[in-house]
Amino acid sequence: MDNSKLVFGLDTFGDVAYDEQTQERLSYGQSLRNIVEEGKLADQLGIDVIALGEHHREEYAISSPDTVLAALAMVTENITLGTGVTVLSSDDPVRVYERFSTIQALSHGRAQIMLGRGSFTESFPLFGYDLRDYEDLFEEKIALFSELLKGDPVTWEGRVTQTLENVQVYPKMEGELETYVGVGGSPDSIIRAARYGFPVMLAVIGGNPLRFNQYIDLYKRAAAKFGTPVHPVGMHSHGVIADTDEEAREIGWKYIKKMMDQLGVERGWPAMSRDRFEFEVTQGSYYIGSPETVAQRIAQVMTKMDIQRFDLVYGGGGQTQKDRLKTIQLYGEKVIPRVKELLKAGVTNE
């Protein structure tokens, strides 16, 4: 595998951290300031991308990822500044374009956006959208956003969006905005991304990741049918990195289990058992362990899925700031170089 084409990122949903001493949640303000510090560290370590998620829930600090990216643009030098994801369905494509053209200018061309429908639906009633239009909203808005990216005056007749007549949007984008589509497992989303010529980022948050190979194949076939580029496919998954496997697993068990159990209450899933957690760590989609353990697992999945971008989702469940910084440090200093070494050699442990 050609290491020069590999991309390694960090993703955060902005989970509000717990204080190491009091075990109480930090303030939202402190959480946001901490995310800026985490981005600065990732930049110093040479990590390729940091992607910020958008949520409108109590346990997350980031409801406006582009605002945080603008702050990061002013204190970082090389790292790509992206989202994971921007919920385009409940946003205005014109405003999204304007915000990201602003970040593109502030960062000297380091902006990136990942468009998605959103796995949570709080933003729809919050901004006055009807969930019955869930599919139509994303379909029409991604089409409009695709037109805006061309940089020309736009004429557009909308049903669930505005109507525009030969409108030029400002500030104009400096260079191309790298645009991904985040996909959680919907074949329609894969086909849509291929139709617009956007690369795909797979959200693999549980289970054997190899089941997503069928979606990668579908993406390639759909792109061939539409005559659009076949971009390298990426994926993101939760992880914790510590000095030892045992330490990382205990952090993951304490915080990721809590996060998944809360979602389970809302969505009808059973509480996570220790056996299920251990399966995810050893065979599923949690990249938890020492640097060598995590590097071996990432190299395996990138090889078996022909993945050229891997993003580690860190801080899940409100992990302490100390543990988050440790994950970032070890990921940049040890895991990424080791993954590249393994892939170059073409040898990974089964």
Side-chain angles (χ1 to χ4, degrees), residues 5-15 35 38-39 42 45 47-55 60 62 65 68-69 79-88 112-120 178-186 189-190 193 198-213 215-216 219 231-241 248 252 255-256 259-260 263 280-281 284-289 294-295 297-317 319 324 327-328 330-332 335-336 339 343:
K5 296 181 179 179
L6 301 179
V7 176
F8 293 93
L10 283 167
D11 294 7
T12 177
F13 299 145
D15 308 67
I35 291 164
E38 291 158 10
L45 293 168
I47 295 169
D48 296 312
V49 183
I50 185 164
L52 309 183
E54 175 192 343
H55 289 294
Y60 300 114
I62 304 175
V68 185
L69 293 177
I79 196 166
T80 296
L81 306 171
T83 55
V85 300
T86 294
V87 185
L88 187 64
Q112 181 187 93
I113 189 169
M114 191 182 305
L115 307 173
R117 298 182 299 172
S119 60
F120 293 93
E178 191 175 16
T179 303
Y180 279 79
V181 173
V183 178
S186 164
S189 294
I190 291 282
F198 294 141
V200 166
M201 193 75 174
L202 300 170
V204 187
I205 61 171
N208 190 327
L210 299 187
R211 74 189 191 279
F212 281 84
N213 276 335
Y215 296 108
I216 296 173
Y219 173 70
H231 297 283
V233 175
M235 66 175 283
H236 83 189
S237 295
H238 288 282
V240 178
I241 310 169
Y255 290 101
I256 295 178
M259 175 182 65
M260 291 301 180
L263 293 179
E280 292 292 351
V281 171
S285 291
Y286 293 170
Y287 297 83
I288 295 177
V294 172
R297 293 213 61 229
I298 292 174
Q300 289 169 22
V301 77
M302 292 184 79
T303 299
K304 292 177 180 179
M305 295 177 66
D306 191 23
I307 292 291
Q308 294 190 41
R309 173 177 172 179
F310 181 91
D311 283 14
L312 188 79
V313 182
Y314 71 95
Q319 296 163 37
R324 294 179 200 219
T327 288
I328 294 169
L330 293 175
Y331 184 63
V335 172
I336 293 173
V339 173
L343 293 176

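Since the structure is predicted, the reported quantities are computational estimates derived from the model, not experimental observations.
- The only member of Ile241, Val294, Val339 that meets side-chain contact (heavy atoms from CB on, under 4.5 Å) when paired with Tyr331 is Ile241.
- In this structure, OH on Tyr180 lies 14.5 Å from OG1 on Thr86, to the nearest 0.5 angstrom.
- Thr83 pairs in a side-chain contact (heavy atoms from CB on, under 4.5 Å) with only one of the listed residues (Val68, Leu115, Ile50, Ile113), which is Ile113.
- In terms of heavy atoms, Gly284 sits closest to Pro209 at O-CD, 3.6 Å.
- Going from atom CE of Met201 over to atom CD1 of Ile307 covers 8.0 Å, rounded to the nearest 0.5 Å.
- A donor-acceptor pair under 3.5 Å is absent between the side-chain atoms of Gln308 and the main chain of Val233, judged by distance alone.
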Start with the C-alpha distance between Glu38 and Leu10, add both sets of side-chain angles, then the distance that settles side-chain contact (heavy atoms from CB on, under 4.5 Å), and finish with yes or no.
CA-CA 10 Å; Glu38 291 158 10; Leu10 283 167; over 6 Å; no
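- Nearest heavy atom pair, residue Ser237 against residue Tyr287, reads CB-CE1, 3.4 Å.
- Not a single donor-acceptor pair under 3.5 Å links the side chain of Thr327 to the backbone N or O of Val240.
- Under the 3.5 Å distance criterion, the side-chain polar atoms of Asp48 are matched with a main-chain donor or acceptor of Phe8.
- Although no hydrogens or angles enter the test, the distance criterion places no donor-acceptor pair under 3.5 Å between the side chain of Tyr255 and the main chain of Gly315.
- Considering CG of Leu202 and CZ of Arg211, their distance stands at 10.0 Å, rounded to 0.5 Å.
- Shortest non-hydrogen contact noted between Ile190 and Tyr215 is CG2-O, 3.7 Å.
- For the atom pair CD1 (Ile336) and CD1 (Ile298), the distance works out to 8.0 Å, reported to the nearest 0.5 Å.
- Heavy-atom minimum distance, Ser285 versus Gly207: OG-O, 2.8 Å.
- Under a 3.5 Å cut-off, the side chain of Arg324 and the backbone N or O of Gln319 do form a donor-acceptor pair.
- Within the model, atoms NE2 of His238 and CE of Met259 stand 3.5 Å from one another, a figure rounded to the nearest 0.5 Å.
- Between the NE2 atom in His231 and the OH atom in Tyr219 there is a gap of 4.5 Å [rounded to 0.5 Å].
- Looking at Met305 and Leu210, their side chains come closer than 4.5 Å, going by heavy atoms from C-beta outward.
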Verdict with supporting geometry, Met302 and Leu6, side-chain contact (heavy atoms from CB on, under 4.5 Å)
CA-CA 10 Å; Met302 292 184 79; Leu6 301 179; 4.0 Å; yes
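- Between the Thr12 side chain and the Leu52 main chain, no donor and acceptor come within less than 3.5 Å of each other.
- Taking the six-membered ring where tryptophan is involved, the planes of His55 and Tyr60 are essentially parallel, since the angle between them stays under 30° and well short of 60°.
- Annotation: side chain of Val49 is in contact with side chain of Arg309 (closest heavy-atom distance under 4.5 Å).
- Between the Asp11 side chain and the Val313 main chain, no donor and acceptor come within less than 3.5 Å of each other.
- Listed for the Arg297 side chain is a donor-acceptor partner under 3.5 Å among the backbone atoms of Val281.
- More than 12 heavy-atom neighbours from other residues, nucleotides or ligands sit within 6.0 angstrom of CG on Leu330.
- Taking both residues in full, the closest heavy atoms of Ala193 and Val200 are given as CB-CG2, 3.6 Å, listed atom of the first, atom of the second, then distance.
- Nearest heavy-atom pair across Pro232 and Pro199 is O-CB, 4.1 Å.
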